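Here the structure is laid out as structure tokens; the discussion comes afterwards.
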Amino acid sequence: MGPSCRSSAGAMWSAGRGRAAGPAFVGLLLTLLVPGSGAAKTGAGLVTCGSVLKLFNTQHRVRLHSHDIKYGSGSGQQSVTGVEASDDANSYWRIRGGSEGGCPRGFPVRCGQAVRLTHVLTGKNLHTHHFPSPLSNNQEVSAFGEDGEGDDLDLWTVRCSGQHWEREAAVRFQHVGTSVFLSVTGEQYGSPIRGQHEVHGMSSANTHNTWKAMEGIFIKPSVDPSAGHDEL
């Protein structure tokens, strides 16, 4: 069993003591204020590599979220949840390529492309593995790694219709290593994160695993969109 799959006993939750990426987030906010920065907040277009955004589950109307609170069961890694609030800074994720690259800044994300989703404030990657999720007993989804570097279980394939991930379109994220889809089914936690929804992996594509790009900093495309597509 690799380092990403260590189990942890104890209470349901534990507060983490990891290093937050506060300065990085401040830098992103400054980017919005600098004319000609190459970032755009509104308008239709494509999701590009390097963009920072919030992901909205269209069925349960929550945003993908993480925080420096660890699961007290399963892997013991940093928890990932869904929240209704639209203004929570812990819901920002950066679109990145795999450990070998493949997602240069400003390149449109292709349907069928594998990406990493890095949590901006803690520097951990969206991750899943063969642990049961705490509430629904589906597959646990966590945040893993340090400063954006984790392992090969951090890769998710963008499933969408057409050639590229469009900001107005619903997409799915299918895990490269285990084939599950990033999902929400409505289960809610109690204290200390009361009302937040469980996020987990499901084996089938359905209404619980469709997501849409919402608030964010979208890097303007630096190249013409290329060919290639996959189906939602």
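Because the structure is predicted, anything quoted here is derived from the model rather than measured. For the single chain, residues carry numbers from 1 onward in sequence order.
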- Query: Nearest 0.5 Å, what's the CD-CZ distance between E84 and F56?
  - Reply: 9.5 Å
- Rounded distance [0.5 Å steps], OG1 in T178 versus NE2 in H129: 9.5 Å
- Note on the structure: Here the gap from W165 atom CH2 to S51 atom OG, rounded to the nearest 0.5 Å, amounts to 8.5 Å
- Minimum heavy-atom distance K124-W93, with the two atoms named: O-CZ3, 4.4 Å
- Does the side chain of H197 come under 3.5 Å of the side chain of T81 through a donor N or O and an acceptor N or O? no
- Message: Rounded at 0.5 Å granularity, tell me how far CZ in F173 sits from CG in L64.
- Response: 8.5 Å
- In short, P104 meets C49 closest at the heavy-atom pair O-CB, 3.1 Å
- Measure the spacing between CG of N125 and CG of L153 and express it to the nearest 0.5 Å. 11.0 Å
- Message: Looking at K212 and E166, is any side-chain nitrogen of the basic one under 4.0 Å from a carboxylate oxygen of the acidic one?
- Response: no
- In terms of side-chain heavy atoms, does D154 have a donor or acceptor partner in H127 at a distance below 3.5 Å? yes
- Could you go step by step and tell me if T128 and Q139 meet the side-chain hydrogen bond (donor to acceptor under 3.5 Å, both in side chains) rule? CA-CA 7 Å; T128 189; Q139 186 165 300; 3.0 Å; yes
- Where is the tightest heavy-atom contact between N138 and H200, given as atom of each residue plus distance? ND2-NE2, 3.5 Å
- Quick check: does any side chain N or O of Y71 sit under 3.5 Å from a backbone N or O of V141, one acting as donor and the other as acceptor? yes
